[in-house]
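Shown next, in structure tokens, is the structure this report addresses.
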Amino acid sequence: MKSRAPLVMMEQLVMVLVFALAAAVCVRIFALSDRLSLENETRDRAVAAVQNAAETLKACRGNYGEASRLLGGTWDGTAWSISYASGWSPLAEAAEGTFQVLAVPADSGQELLGTAQVTAFTWQGTELYSLSVAWQEDAHG
């Protein structure tokens, strides 16, 4: 009578290989989902930071100096920039590995209507989110 041991060993080897393949696919999917989750969290925080800057600018009726006093950042006469650490906590000044929200005045083409483009960037300059904002300016200011 012939021994069935080699056949049983071959069966077990095939099962181990199938299991290893399935495990490798699962690990790759988990790594991808972690990366996507981090990207989505970064984008969500960028949207919130841009919306905060836009709403502050609207509340200040385009007074960039006042907006930077309230929310932070610096107004250099041409753009209002706010720097954030990797965890989206505000920083006093830009540093490597940070995010930046930039509000740049734009011409609305209409009298007494102020507009700006507010955009969030990574340190490398990749745009995360952008929003146009408009407000009614004071007639006697």
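Given the structure is predicted, the values throughout are model-derived calculations rather than measurements. Keep in mind that the numbers below use all heavy atoms, side chains included, and drop hydrogens, waters and symmetry copies. Numbering of residues begins at 1 and proceeds along the displayed sequence.
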Neighbour count above 12 (heavy atom, 6.0 Å) for Gln124 CD: yes

CG-CG distance between Leu70 and Asn63, expressed to the nearest 0.5 angstrom: 9.0 Å

Side chains of Val101 and Val118 in contact at under 4.5 Å (non-hydrogen atoms): yes

Whether Arg61 side chain and Gln136 backbone form a donor-acceptor pair below 3.5 Å: yes

From CH2 (Trp80) to CD (Glu66), nearest 0.5 Å: 10.5 Å

Any donor-acceptor pair under 3.5 Å from Thr115 side chain to Ala106 backbone: yes

Gln117 versus Ser132, closest heavy-atom pair with distance: OE1-OG, 2.7 Å

Side-chain heavy atoms of Leu32 within contact of Arg35, under 4.5 Å: yes

Side chain proximity check, Leu102 to Phe121, heavy atoms < 4.5 angstrom: yes

Lys58 and Val133: CA distance, side-chain angles, deciding distance, side-chain contact (heavy atoms from CB on, under 4.5 Å) verdict: CA-CA 7 Å; Lys58 280 174 55 176; Val133 62; 3.2 Å; yes

Straight-line distance of Trp75 CH2 to Ser68 OG, nearest 0.5 Å: 9.0 Å

Heavy-atom donor-acceptor pair, Thr126 side chain to Thr122 backbone, under 3.5 Å: no

Shortest non-hydrogen contact from Ala53 toward Leu71: CA-CD2, 3.6 Å

Asn52 backbone acceptor or donor facing Thr56 side chain under 3.5 Å: yes

Interatomic spacing from OG in Ser33 to CG in Leu38 - rounded to 0.5 Å: 11.5 Å

Path from Leu57 to Val47 over hydrophobic side-chain contacts below 4.5 Å: yes

Side chains of Thr119 and Ser130, donor plus acceptor under 3.5 Å: yes

Inter-residue atom distance Leu7.CG - Met9.CE, 0.5 Å rounding: 11.5 Å

From Ile29 atom CD1 to Leu36 atom CG, the distance as rounded to the nearest 0.5 Å: 11.5 Å

Heavy-atom pair of closest approach, residues Ala46 and Ala120: CB-CB, 3.8 Å

Side-chain donor or acceptor of Arg69 paired with backbone N/O of Tyr64 under 3.5 Å: no

Ring pair (Phe, Tyr, Trp, His ring centres under 6.0 Å) partner of Phe99, chosen from Trp123, Tyr129, Trp88: Trp88

Shortest non-hydrogen contact from Ser108 toward Leu113: OG-O, 2.5 Å

